[in-house]
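Take a look at the structure below.
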Protein chains: 2
Amino acid sequence: MGWVDEIAELGGLQAADRDRLNREARRISVPAGTTVFGPGAQAENLIVVLRGAVRVQHVSDSGRQIVLYRVHAGQTCIMTTACLVAHEAYSAEGVTETAVEAVMVPRRAFDALLGSSAAFRSFVFDAYSRRITDLFLLIDDVAFQRMDIRLAQRLLVLAGGAGSVAITHQQLAAELGTAREVVSRLLQEFRRRGLVSSARGEIVLEDAPGLRRLSEAG
Amino acid sequence: MGWVDEIAELGGLQAADRDRLNREARRISVPAGTTVFGPGAQAENLIVVLRGAVRVQHVSDSGRQIVLYRVHAGQTCIMTTACLVAHEAYSAEGVTETAVEAVMVPRRAFDALLGSSAAFRSFVFDAYSRRITDLFLLIDDVAFQRMDIRLAQRLLVLAGGAGSVAITHQQLAAELGTAREVVSRLLQEFRRRGLVSSARGEIVLEDAPGLRRLSEAG
DNA sequence: GCGCGTTTGGTGACATGGTCACAGACCCGG
DNA sequence: CCGGGTCTGTGACCATGTCACCAAACGCGC
């Protein structure tokens, strides 16, 4: 059972805690594109991602979307979990972006671990910390940052070293919480300036340094 | 020492936990308008508010502000605390809106309590939960909601049953993360529609039901 | 009460972003 | 090749943010 060791390594857990996890947690495996939680779904487990990534996004009443953050390997959906358990008023949804392997830790085991393991506490609070930081930065972006700068940043992140991003304008709009038309217009301006070129469903970064300069301008 | 009992009641703590708090926590008392934490300030304490309210806001590079949330009696600044301790990258500041009485729980005692008291854990995670919900709603508002609706909502909240709010346009803009001119224009429209009237530094809600209808329209 | 600097609020012109309606380009199955 | 669905482009218009500037109200010292 390698996954307990994986978690243990990620969280720096002790032997007794590993035993508990081995007994009480379940490993799950889901394909890409699955909605793992959504509005109204009661989350009774702490979920720790071992492989892959989960995109957590919000869908507004009017149908527009915005990506709140992504949960990568070694991180948890703890915020949404706690949020849903305690209040259940808010609707965010999580969608797997790749095939995902994860472990689900039941609420009882979660609580017991919090009591018994300082390392686990640290793991959990670090996770909160990171998410809160993400959300603060997102609020700042949405409230005060120009859309062209946000688009440039997002393209660079999504490319992640590669020279292009396979994504539609609509999906980019959902990433940033704006409208497709806005993305189309901005990309056209980028194209005019030689920063990108594009085909249907794909953006090619022709001038990554230029995009980087733009993304740091604000 | 009544305050330990107050906290204990708020958090449902046991006798042993109360003793620990009595020994290790300190009570503080600050006047209105004090900046209790800010960019760069290292927070080595959990702060629990007993009386009054703290406004937590962010100041962007360009000088614009937005109010993230408020910490009322019985609640904690735990998010900012954890955030600053773990990453210290982000700059939010807390300002007392009224005279505030609070207790500061050192990190060591905080951690020990988390281990020993399920009630304390529940208190802490509820606090996180509430803040996260607040932030999600804020993101939704900022990204998708019309400004006139947000302004109407905020006026109603700030009035809190009273018939008027003592606040300047600039302060309202800082609440909502927008510019003063926008607030002025919207208030003029509200005035034209008979929803409010205003004097220097004061907004009178002439038609609270009308404002409420507007605030629910989005 | 008077003069004066500061704060607060009002206004017009313009840039950016969001909404709506619609058209053309592309893709894929039949 | 045809037809329907998806993706992208475009123009008009409204909402919001930015900038420059002014005027009214206030606080304060005299």
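Lettering of chains follows the sequences in order, A, B, ..., and the numbering in each one begins at 1. As the structure is a computational prediction, the values presented were derived from the model and not from experiment. Just the heavy atoms: all of them, side chains too, but no hydrogens, waters or symmetry mates, feed the values below.
Scanning atom types as modelled, one donor and one acceptor separated by under 3.5 angstrom connect the side chain of A:Arg185 and the base of C:dG18.
Residue A:Ser198 is classed as having no contact, given no heavy-atom separation below 4.0 Å to the nucleic acid. Contact annotation for B:Arg150: no contact, since no heavy-atom pair falls under 4.0 Å across all strands.
The side chain of B:Arg200 has D:dA24 as its nearest neighbour among D:dT18, D:dA24, D:dT10. Closest approach to the A:Thr178 side chain among C:dG10, C:dG18, C:dG9 is made by C:dG18 (side chain taken as heavy atoms from C-beta onward). Looking at the side chain of B:Leu186, the nearest of the listed nucleotides C:dG9, C:dG18, D:dT16 is D:dT16. The side chain of A:Glu181 lies closest to C:dC20 when the candidates are C:dG17, C:dC20, D:dG17.
When each of B:Met147 and A:Ile203 is assigned the nucleotide of DNA chain D with its nearest heavy atom, A:Ile203 is the one assigned upstream, toward the 5' end.
When rounded to the nearest whole Å, the span between CG of B:Leu187 and P of C:dG10 equals 8 Å. At whole-Å resolution of the value, CZ in B:Arg180 and P in D:dG17 are 14 Å apart. Atom CD of B:Gln188 and atom C1' of D:dA23 are 14 Å apart (whole Å). Summarising the geometry, the separation between CD on A:Gln170 and P on C:dA25 is reported as 21 Å, rounded to the nearest angstrom. Whole-Å rounding puts the B:Phe144 CZ to C:dG17 P distance at 16 Å. If you measure from atom CD of B:Glu189 to atom C1' of D:dC14, you get 13 Å, rounded to the nearest angstrom.
In terms of phosphate contacts, A:Gln171 brings no side-chain nitrogen or oxygen within less than 4.0 Å of OP1 or OP2 of D:dC7. Contact check, A:Arg146 against C:dA15: no side-chain N or O comes under 4.0 Å of OP1 or OP2. An OP1 or OP2 oxygen of D:dG9 is reached within less than 4.0 angstrom by a side-chain nitrogen or oxygen of A:His169.
No salt bridge links B:Glu189 with B:Arg185; every basic N to acidic carboxylate O contact stays at or beyond 4.0 Å.
Between A:Tyr69 and B:Phe136, the ring planes are tilted. Angles from 30° to 60° get that label.
Side chains of A:Arg191 and A:Ser197: no donor on one and acceptor on the other come within 3.5 Å.
In terms of heavy atoms, B:Ser164 sits closest to B:Val204 at CB-CA, 3.9 Å.
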Does the pair B:Phe125 and A:Phe125 meet the rule for a ring-ring contact (aromatic ring centres under 6.0 Å, His included), with working shown?
-> CA-CA 10 Å; B:Phe125 279 89; A:Phe125 278 90; 5.7 Å; yes

